[in-house]
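Data first, discussion second: the structure below is written as structure tokens.
In this chain, numbering begins with 1 at the start of the sequence shown.
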Amino acid sequence: MREYYPLLVVGGIVGLLSIVLSVAYALVKDKKQSMGFERTMKDGEIVKRLMAYAKPYWRQFVLVGLVMLFTIAYDIIAPLIVGWIEETIVGEFELRQLFIAVAIYASILVVSMISTYIQAIVLQKTGQRIISHLREDLFIHIESLAHEQMNLIPVGKLVTRVTNDTNAISLMFTNLLVNLVKNCFIIIGVLVAMLCLNYELTLMILCFVPFIVLFTVIFRKFSRRAYRKVKDRTTDINTYLSENLSGIKITQIFNRENEKMRDFRNKSNALGKAKQEQIFVFGIFRPLVYMLYISSVMCLMYLGGKGYIDKVSFLGQTLTSGTVVTFYMYISKFFNPIQNLAEQFNWLQSAFASAEKVFTILDIEPKIVDAPDAIELDEVKGEIEFRDVWFSYIPDEWVLKGVSFHVKPKDTVAFVGSTGSGKTTVLSLICRNYEFQKGEILIDGIDIRKIKISSLRRHFGQMLQDVFLFSGTIRSNILLREEGISDEEVMAACRYVNADHFIDRLDSGLDEVVRERGNNFSAGQRQLLSFARTIIHKPAVMILDEATANIDTETELLIQDSLEKMMNIGTMLIVAHRLSTIQHADNIIVLSHGKIIEQGTHHELLAKRGRYYKLYTLQYHKEQMRK
């Protein structure tokens with residue numbers, strides 16, 4: 001009995017570690033709220049949704065599976081060949097038999113290497129196609145969200161979902177899934193081979209399997225928890241960077257660099273701690289699995305050595321040197337896939353955590369969607385009517401209260417009022433950027449809710465106060481990637497709105513580089529480019545929201561001239577604080593606290609001496625004082 005004491009010591013150590021880890025598993029609370037979960041999604045549901053993206057590429061995965069059989073065969077057959085070689089050398093040695101064995105081993109190895117190469121190439125190409133499809137679906141879905149929904153989601157969070165999280169998911173298709181299957185088959189194949197070779201030693205090795213399963217279950221809990229923390233902290237820091245880098249000029253103006261740096265350091269430290277926890281979890285699990293591997297090897301060597309030297313049988317069977325060598329290799333082949341499964345499981349948790357966050361965005365239902373019977377609008381005359389429209393951003397806090405008005409085709413209508421009166425909201429509702437709660441909005445006598453959103457917006461051109469230019473060139477910003485428009489047409493649009501005055505002075509003309517947000521152009525130049533961008537797409541209805549605000553006098557004259565030209569193109573809706581820019585409007589609507597209190601032409605409203613008269617008189621006196 002004493003000869004088995006070393007085995008009992010090993011078993012006692014492994015058992016003690018198992019008890020310690022089980023207690024830790026029971027004590028650690030896995031409260032989802034404390035981990036910053038946005039929602040909880042089962043692994044099965046995540047896998048099912050991800051497999052929907054992989055389904056079109058099933059042929060490639062079948063090919064990989066067939067090729068993978070050769071690498072699995074190598075892992076199972078190679079130890080048998082090495083064991084045969086060892087027994088050949090120890091027994092009656094014949095060089096020809098050695099050459100044959102080595103040739104067979106080398107042939108299997110070469111086939112395995114070629115198979116591994118083919119598998120890697122096919123998986124990488126297929127995986128990248130799958131992720132590109134997922135990334136495109138995510139981007140298209142984000143584009144479909146309403147303005148209200150976009151206002152609630154930080155830009156940095158969306159950037160993280162489209163980039164970091166999809167990259168983490170790509171590991172599933174380029175590495176994880178196939179290798180998980182491969183490792184499972186290797187484990188099964190090696191186990192069968194060991195049972196056929198010596199079932200008594202196999203039973204000894206299988207004694208370690210329950211501990212591996214136990215360690216894996218415990219690790220799964222801690223690993224998923226750690227990975228979710230890393231994902232949440234990464235999202236936090238990306239969101240913070242996106243917002244603060246965009247507003248860095250404000251930070252510099254108010255000399256708040258130190259305060260912002262302190263906030264950034266806190267978020268960076270939080271991310272660092274989350275990653276340390278992740279490394280710590282994996283740093284414990286991998287050595288534990290390796291400890292089980294070494295323990296099984298020690299037991300094999302102990303039993304094999306005693307059996308070979310003392311001719312002692314183990315459970316009635318004498319061990320040979322070839323059996324010991326083969327089992328030594330098989331233990332490595334058995335435990336290496338298990339260790340790989342541990343590492344791959346680590347990555348799998350990252351992929352699942354990322355997939356959950358991606359699907360959380362994809363599961364957001366757009367608030368503004370096409371009605372089942374929505375129609376296409378091939379042509380728009382530009383007649384607009386509001387009928388008792390009520391709207392609120394926050395429930396029961398009405399921004400518009402029973403607004404009704406009528407705009408004739410090709411009329412120019414201006415909206416005037418103090419800040420918060422509802423002017424910009426009126427323009428947003430016409431394009432269905434937001435959904436109103438009560439009333440009707442008609443375009444050419446058709447309820448806009450019965451028109452396809454893309455068709456409706458195609459006939460509108462919006463020119464806002466804060467003009468957004470994309471990185472690229474002047475041409476790409478005017479065309480917005482629309483094809484079939486020549487440079488002559490682009491320049492004609494620029495001349496029509498007076499943008500050619502500064503474009504002609506640029507070295508590269510339409511090819512002049514536009515930096516991020518167009519910060520290498522003045523506010524007036526950006527506004528003129530937005531006019532050209534609107535004109536080139538030939539809208540039936542044009543919307544100008546504070547288009548002349550914060551513009552110098554010289555540029556304002558150019559813009560005024562452009563506005564007068566554009567009034568002849570189609571219906572025009574204008575919001576302007578400078579009342580001098582809307583004197584020629586066909587109708588001026590004065591709003592106050594979400595209600596229309598006056599409307600008429602410039603001269604009619606002045607004659608009424610109401611709110612418009614007071615606003616105009618006040619601005620007139622201010623302009624005279626500046627002069």
Side-chain angles (χ1 to χ4, degrees), residues 377 379-389 400 402-418 421-431 439-446 448 456 459-465 496-498 527 530-531 534-535 538-549 556-592 595-617 619-620:
L377 276 184
E379 184 181 0
V380 170
K381 297 177 181 178
E383 182 183 4
I384 301 170
E385 185 176 0
F386 272 51
R387 292 180 180 173
D388 192 29
V389 174
L400 297 183
V403 172
S404 300
F405 62 84
H406 182 262
V407 179
K408 297 177 181 178
K410 294 193 175 183
D411 267 8
T412 297
V413 176
F415 297 88
V416 175
S418 58
S421 60
K423 306 183 298 297
T424 299
T425 301
V426 169
L427 303 185
S428 296
L429 294 181
I430 295 174
C431 302
E440 287 183 304
I441 300 178
L442 308 177
I443 301 291
D444 291 348
I446 304 172
I448 62 172
L456 176 70
H459 296 287
F460 283 84
Q462 299 188 58
M463 292 158 280
L464 308 178
Q465 176 184 350
Y496 192 83
V497 299
N498 298 317
Q527 194 61 264
S530 78
F531 286 0
T534 302
I535 292 299
K538 301 175 181 177
V541 180
M542 286 174 289
I543 294 175
L544 282 80
D545 190 355
E546 299 294 347
T548 59
E556 182 181 0
L557 294 175
L558 294 176
I559 290 177
Q560 288 284 13
D561 183 60
S562 302
L563 290 175
E564 291 179 10
K565 293 178 181 178
M566 289 189 290
M567 287 179 182
N568 300 319
I569 296 177
T571 304
M572 181 175 286
L573 307 177
I574 304 174
V575 168
H577 280 302
R578 295 187 182 181
L579 303 184
S580 57
T581 62
I582 59 171
Q583 293 183 22
H584 301 293
D586 297 298
N587 189 23
I588 299 174
I589 297 175
V590 184
L591 291 164
S592 178
K595 295 182 178 180
I596 296 177
I597 57 174
E598 292 178 346
Q599 61 177 312
T601 64
H602 173 71
H603 296 293
E604 288 172 349
L605 291 176
L606 288 180
K608 290 182 180 179
R609 292 181 171 270
R611 179 67 62 84
Y612 181 83
Y613 174 82
K614 293 178 181 179
L615 290 173
Y616 181 79
T617 304
Q619 285 193 13
Y620 177 78

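The structure places CZ of Arg387 at 4.0 Å from CD of Glu385, a figure rounded to the nearest 0.5 Å. How far OG1 of Thr617 is from CG of Leu606: 7.0 Å, rounded to the nearest 0.5 Å. Distance check, rounded to the nearest 0.5 Å: CD1 of Ile430 to OG1 of Thr425 gives 11.0 Å.
For the residue pair Ile543 and Cys431, the shortest heavy atom distance occurs at CD1-SG, 3.5 Å. Listed here is the closest heavy atom pair of Val389 and Glu440: CG2-O, 3.3 Å. Contact detail for Lys381 and Pro409: the closest heavy-atom pair is O-CB, 3.5 Å. Residues Pro539 and Gly461 approach most closely at CB-N, 3.5 Å, considering heavy atoms.
Checking each of Phe405, Tyr612, Phe386 against Phe415 for a ring pair (Phe, Tyr, Trp, His ring centres under 6.0 Å) leaves exactly one that passes, namely Phe405. Checking Val380, Ile443, Val541, Ile446 one by one against Leu456, the side-chain contact (heavy atoms from CB on, under 4.5 Å) holds for a single residue, Ile443. Only one option out of Ile384, Ile574, Leu573 pairs with Val413 in a side-chain contact (heavy atoms from CB on, under 4.5 Å); it is Leu573. Across Leu591, Leu605, Val590, Ile589, a single residue satisfies side-chain contact (heavy atoms from CB on, under 4.5 Å) together with Gln599, and that is Ile589.
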Exercise. Given His459 and Glu379, is the side chain to side chain donor-acceptor pair (under 3.5 Å) satisfied, shown in steps?
Worked result: CA-CA 8 Å; His459 296 287; Glu379 184 181 0; over 6 Å; no
Exercise. Can you check side chain to side chain donor-acceptor pair (under 3.5 Å) on Asp545 and Gln462, steps first, answer last?
Worked result: CA-CA 8 Å; Asp545 190 355; Gln462 299 188 58; over 6 Å; no
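Side-chain contact check for Tyr616 versus Gln583: some heavy-atom pair is nearer than 4.5 Å. Counting heavy atoms from C-beta outward, Asp411 and Asn587 have side chains that stay 4.5 Å or more apart. Between Leu429 and Leu400, some side-chain heavy-atom pair lies under the 4.5 Å cut-off. Counting heavy atoms from C-beta outward, Glu383 and His406 have side chains that approach closer than 4.5 Å.
Considering only residues two or more places apart in sequence or on other chains, Lys595 meets the side-chain contact (heavy atoms from CB on, under 4.5 Å) condition with Lys401. For Ser592, the side-chain contact (heavy atoms from CB on, under 4.5 Å) test picks out Ile597, Arg611, with sequence neighbours left out. In terms of the side-chain contact (heavy atoms from CB on, under 4.5 Å) criterion, residue partners of Glu604 (sequence neighbours excluded) are, by chain and number, Thr601.
A donor-acceptor pair under 3.5 Å links the side-chain atoms of Thr571 to the main chain of Lys410, judged by distance alone. Not a single donor-acceptor pair under 3.5 Å links the side chain of Thr412 to the backbone N or O of Asp586.
Crowding of Lys608 atom NZ: a count of heavy atoms from other residues, nucleotides or ligands under 6.0 Å exceeding 12.
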